[in-house]
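Data block below; observations after.
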Amino acid sequence: MSEIEELFEQRLYQFDEDTIIKLNESEFRTELNNVIVKRHKQVYSLSIVKDLEDSQDIEFNLSYITNTNNVLEGKVLKLFLSDTSKRDKLTFLFAKYLSQEYKNLDFIDVFNTFQEKISSVFERYGYFIINPWHFKEYLENDPMVFVKGKKGIIPVIMFNKLDYYKHYFHDIKRPEPDGNKNYVYLMFNVDTNSTKIGFSKNPYNRERTLQSKDPNVFLLAAWKAPKSVEKQLHKKFDRKRIRGEWFSLSIDDLISIKQIMQQDTKLIL
């Protein structure tokens, strides 16, 4: 286990039902109460434990509380302003942990949700927030950023889901544009956060056709495969079907698809 993983284990806590109810009684919060009374299924929150008036550091908790199948429970991660470079890594591990514990969660969405809340807290204390990914093309040149009237600059990473997905599939050979092969492909719709599992002889033409109606549809990957493979994937993810060939897939689902498609075709027919 790495040092950051050990620290994550030390900072991770769990709330049982009694603790959550007592927390709500001592500090009534509408969002939390909505989960307790089952008006909502889940809530993400950030609570400040110690601020700069009490100490030289900001201590805060990230929490995810859910009420599903008549089970009220929560997971909590303790963080500090002084965590600096560790903070993003710890939050990333927390998002991965939650997505593994609760299969309905997408860890990228969870990570970005918590990062938004962290950004708001630091902005409250007078810091300027930047997302390093916005400056990735300049990072090799060691850029300098100056801001006036702020205590300092704090980097808080936010993932662009399309960029993340494209990076994950970057090693997949692009389909030949001759239209003579059969391909099973994945396309992602940025606006609806949905993924299309389709079949075509020319995925590029299919992408252009879809973009004529919605310009925020992008081809992620394509593999040479028969129609039966597309049908198998549709069946595998049927419970996540939104409509037609569009599905609400997480990064874990896409990882599963990539693993399946990298096998010998005979193994998946």
Side-chain angles (χ1 to χ4, degrees), residues 4-5 8-9 11-17 19-20 23 29-47 60-79 87-121 131 133 156-169 186 188-197 220 233 236-243 246-260:
I4 194 69
E5 289 172 331
F8 173 72
E9 293 288 340
R11 300 277 193 87
L12 181 65
Y13 300 89
Q14 301 197 30
F15 282 168
D16 58 19
E17 181 172 335
T19 302
I20 295 171
L23 177 64
R29 286 180 286 175
T30 304
E31 292 180 343
L32 177 56
N33 191 71
N34 284 339
V35 174
I36 292 175
V37 300
K38 300 181 182 180
R39 185 173 291 115
H40 296 156
K41 292 183 178 180
Q42 61 189 18
V43 61
Y44 300 88
S45 66
L46 184 154
S47 57
F60 57 96
N61 290 336
L62 299 179
S63 61
Y64 174 78
I65 297 175
T66 179
N67 194 348
T68 55
N69 300 322
N70 294 317
V71 177
L72 179 63
E73 61 183 5
K75 315 293 183 183
V76 184
L77 178 68
K78 180 184 293 186
L79 293 174
R87 189 186 58 254
D88 286 340
K89 295 176 182 177
L90 289 168
T91 305
F92 183 90
L93 289 175
F94 191 40
K96 285 293 292 182
Y97 169 78
L98 290 174
S99 67
Q100 291 168 357
E101 288 286 304
Y102 306 99
K103 299 303 182 183
N104 62 308
L105 299 181
D106 183 305
F107 94 87
I108 297 178
D109 292 334
V110 174
F111 178 79
N112 284 344
T113 297
F114 281 132
Q115 293 292 76
E116 284 278 6
K117 294 182 179 297
I118 290 172
S119 297
S120 296
V121 167
N131 181 358
W133 273 38
V156 178
I157 292 174
M158 297 281 289
F159 290 135
N160 178 295
K161 186 171 283 190
L162 177 62
D163 288 344
Y164 194 95
Y165 286 174
K166 283 185 174 181
H167 176 75
Y168 178 72
F169 288 109
L186 298 176
F188 182 67
N189 188 315
V190 175
D191 293 333
T192 63
N193 196 27
S194 57
T195 305
K196 186 177 191 295
I197 303 174
L220 296 179
L233 292 176
K236 177 178 176 63
F237 297 104
D238 188 60
R239 62 186 178 83
K240 293 193 171 186
R241 190 190 301 268
I242 299 173
R243 58 177 176 78
W246 290 94
F247 300 79
S248 178
L249 301 181
S250 67
I251 182 62
D252 289 332
D253 296 327
L254 297 182
I255 290 173
S256 174
I257 291 175
K258 184 178 180 180
Q259 291 173 341
I260 291 173

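Residue pairs that meet the salt bridge (charged side-chain N to carboxylate O under 4.0 Å, His left out) test with at least one member in residues 107-121, sequence neighbours left out, are D109-K161. Screening residues 90-102 for side chain to side chain donor-acceptor pair (under 3.5 Å) gives E73-Y102 as the qualifying pairs, with residues at least two apart or on separate chains.
Under the rule for a ring pair (Phe, Tyr, Trp, His ring centres under 6.0 Å), H40 has no partner lying at least two apart in sequence or in another chain. Remark: D238 pairs with R241 by the salt bridge (Lys or Arg N to Asp or Glu O under 4.0 Å) rule, at least two apart or across chains. Residues meeting the ring pair (Phe, Tyr, Trp, His ring centres under 6.0 Å) test with F15, sequence neighbours left out: none. Remark: S120 pairs with no residue by the side-chain contact (heavy atoms from CB on, under 4.5 Å) rule, at least two apart or across chains. Among residues two or more places apart in sequence or in another chain, the salt bridge (Lys or Arg N to Asp or Glu O under 4.0 Å) test is passed with K78 by E59. Not a single side-chain hydrogen bond (donor to acceptor under 3.5 Å, both in side chains) links D252 to another residue, sequence neighbours left out. Applying the ring pair (Phe, Tyr, Trp, His ring centres under 6.0 Å) rule to F247 yields the partners H234; only residues at least two apart in sequence or on another chain are considered. Partners of R87 under the salt bridge (Lys or Arg N to Asp or Glu O under 4.0 Å) rule, at least two apart in sequence or in another chain, do not exist in this structure. Annotation: side-chain hydrogen bond (donor to acceptor under 3.5 Å, both in side chains) contacts of K240 (sequence neighbours excluded): D253.
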Donor-acceptor contacts under 3.5 Å from residues 60-67 side chains, at least two apart:
{"from": "S63", "atom 1": "OG", "to": "S45", "atom 2": "OG", "distance (Å)": "2.4"}
{"from": "Y64", "atom 1": "OH", "to": "Q42", "atom 2": "OE1", "distance (Å)": "2.6"}
{"from": "T66", "atom 1": "OG1", "to": "K41", "atom 2": "O", "distance (Å)": "3.1"}
{"from": "N67", "atom 1": "ND2", "to": "V35", "atom 2": "O", "distance (Å)": "2.9"}
{"from": "N67", "atom 1": "ND2", "to": "I36", "atom 2": "O", "distance (Å)": "3.4"}

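Between the side chain of N189 and the main chain of D191, a donor-acceptor pair closer than 3.5 Å is present.
Relative ring orientation between F114 and Y44 is described as perpendicular, the plane-to-plane angle rising above 60° on a 0-90° scale split at 30° and 60°.
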*Could you give me the CA-CA distance, side-chain angles and deciding distance for V190 and F188, then say whether side chain to side chain contact (heavy atoms under 4.5 Å, CB included) is met?*
CA-CA 6 Å; V190 175; F188 182 67; 4.1 Å; yes

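Checked by atom type, the side-chain pair D16/T19 shows a donor-acceptor distance below 3.5 Å.
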